[in-house]
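Contents: one structure, followed by commentary.
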Amino acid sequence: MPELPEVETVANELKASVINKKIVYIEALWAKSFDNRFDADLKGQIITSIGRRGKYLILNLSKSFLVIHLRMTGQLLYFENESDANFDDYIRVVIKFNNGLLLFKDVRKFGRVYHIKDPDIFLSHVGPDAFDQNMTLSVFKSKLLSSNMSIKAFLLSQKYISGMGNIYTDETLFVSKINPSSKANSIKYKKAEQLFLNMKTILRASINNMGSTISDYRDPAGNKGNNQFYFNVYDREGQPCKVCNTEIKKIKFAGRGTHFCPKCQKA
DNA sequence: CCATGTACCTGAAGGC
DNA sequence: TGCCTTCAGGTACATG
């Protein structure tokens, strides 16, 4: 699931529920889901702030950091009262606070809770995300020019710009009228500007809609997002294009299911 | 540098 | 009903 808007939604809700709380207990029910890379005691540490970079959630603790990636099916579920929690078969990590409980649930076990010393080092391979102050239009354009990849692969790669996943990449390319196979460095100046603005508009709209839920995504309260009701192309194979009525196609491209309008997004 | 395939995992959905 | 295949919002790594 989770791409930038979903992780942003999770971060915003956690800010309201776990800031200033003290960890009193942490346990990995599935060992690989918790990657402990720093020798500091988590017990007793307080969550001082919460951030996000691309699809990574960053919990700033008193002496170290928890960095969490939800991958495909990860969820962070928060319960003010422990008795409200449902410990089903897919709970991988349990974090108890002096008051409240956070469960990391993950059906497919791809997600990770990392305990690290320095997020800047840990995330050094991850580029600035779409809302980073440093990600200006001119920076974005120069990164486009530097790459001979397809624009779809470019946006999916997290090293140039982070946070974009399969849904928002397809949606952004549709609105920008760019074929997914177009080379990143072939996109003209004006088109690149539209792409940049559309990307931010689409991500912001989804944040306002609490993210998109296709199947697994839930926010920390267990609620689904609403942005999936506004897709133009994603998950709309065979349905008419909302602009020109042409049938939306789905192909395999850059290793991913890729949705587009053959007329609006000519190669 | 770039594209492709594989691995990591489980469950849902579709074909027969 | 049941078996088999394919696919899924992501990323790391190996191979041409």
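In this structure, Q158(A) does not reach the dG10(C) phosphate: none of its side-chain N or O atoms is under 4.0 Å from OP1 or OP2. For dT11(C), one of the phosphate oxygens OP1 or OP2 lies less than 4.0 angstrom from a side-chain nitrogen or oxygen of K55(A). In this model, the phosphate group of dT11(C) is approached by a side-chain N or O of H69(A) to a distance below 4.0 Å at OP1 or OP2. For dA3(B), the OP1/OP2 oxygens have no side-chain nitrogen or oxygen of K252(A) closer than 4.0 Å. Within the 4.0 Å cut-off from OP1 or OP2 of dG11(B), not a single side-chain nitrogen or oxygen of R108(A) is found. Put simply, K32(A) has no side-chain N or O that comes within less than 4.0 Å of OP1 or OP2 on dA7(B). Put simply, H125(A) has no side-chain N or O that comes within less than 4.0 Å of OP1 or OP2 on dT11(C). Taking side-chain N and O atoms only, Y90(A) has a distance below 4.0 Å to OP1 or OP2 of dG11(B). Phosphate contact (OP1/OP2 of dA8(C), side-chain N/O of Y217(A), threshold under 4.0 Å): absent.
As rounded to the nearest Å, dC9(B) and dC4(C) have P atoms that lie 23 Å from one another. Distance noted for atom P between dT5(C) and dT6(B): 15 Å (whole Å).
Contact check on D170(A) versus K152(A) returns a salt bridge, with a Lys/Arg side-chain nitrogen under 4.0 Å from an Asp/Glu carboxylate oxygen.
Candidate nucleotides dC2(B), dT11(C), dT10(B) were compared by shortest atom distance to the side chain of K109(A), and dT10(B) ranks first. Checking dT11(C), dG11(B), dC2(B) against every side-chain atom of V107(A), the shortest atom distance belongs to dG11(B).
Between the CG atom of D216(A) and the P atom of dT10(B) there is a distance of 14 Å, rounded to whole Å. Straight-line distance from the CD atom of Q75(A) to the C1' atom of dA8(C): 15 Å, rounded to whole Å. Taking atom NE2 of residue H259(A) and atom P of nucleotide dA8(C), one finds them 7 Å apart after rounding to whole Å. In this structure, the CD1 atom of I151(A) is 12 Å from the P atom of dA3(B), given to the nearest Å. Regarding R256(A), its CZ atom lies at a distance of 15 Å from the C1' atom of dT6(C), rounded to whole Å. The distance between atom CD1 of I214(A) and atom P of dA13(B), rounded to the nearest whole Å, is 14 Å. L57(A) has its CG atom 14 Å from the P atom of dT11(C), to the nearest Å. In this structure, D88(A) places its CG atom 11 Å from P of dG11(B), rounding to the nearest Å.
The only option from K159(A), R52(A), K55(A) that meets the salt bridge (charged side-chain N to carboxylate O under 4.0 Å, His left out) definition with D129(A) turns out to be R52(A). Partner F97(A) forms a side chain to side chain contact (heavy atoms under 4.5 Å, CB included) with one of N20(A), I23(A), V24(A) and no other, that one being I23(A).
Taking every heavy atom of both residues into account, N166(A) and G257(A) meet most closely at ND2-O, 2.9 Å. The two residues A28(A) and F34(A) have their closest heavy-atom pair at CB-CB, 3.6 Å.
dG5(B) is paired with dC13(C) under the criterion used here, namely a Watson-Crick or G-U wobble arrangement in which both key atom distances are under 3.5 Å.
F131(A) does not carry K200(A) over the face of its six-membered ring by the limits of under 6.0 Å from the centre and within 45° of the normal.
Residue Y160(A) is in sugar-phosphate contact alone, with no base atom involved, counting any heavy-atom pair closer than 4.0 Å across all strands shown. When heavy atoms are screened at a 4.0 angstrom cut-off, G255(A) is found touching no nucleic acid atom at all. The residue S147(A) sits close only to the backbone: its heavy atoms come under 4.0 Å of sugar-phosphate atoms, none of a base. Looking at heavy-atom distances under 4.0 Å, Y234(A) makes contact with sugar-phosphate atoms alone, never a base. Within 4.0 Å (heavy atoms only), K183(A) reaches sugar-phosphate atoms of the nucleic acid but no base atom.
When the nearest nucleotides of DNA chain C are assigned to T213(A) and V126(A) by heavy-atom distance, the more 5′-ward of the two goes with T213(A).
For the pair D88(A) and K105(A), the minimum side-chain heavy-atom distance is below 4.5 Å.
Both thresholds, 5.5 Å between centres and 30° between ring planes, are not jointly met by F110(A) relative to the base of dC9(B), so the two rings are not stacked.
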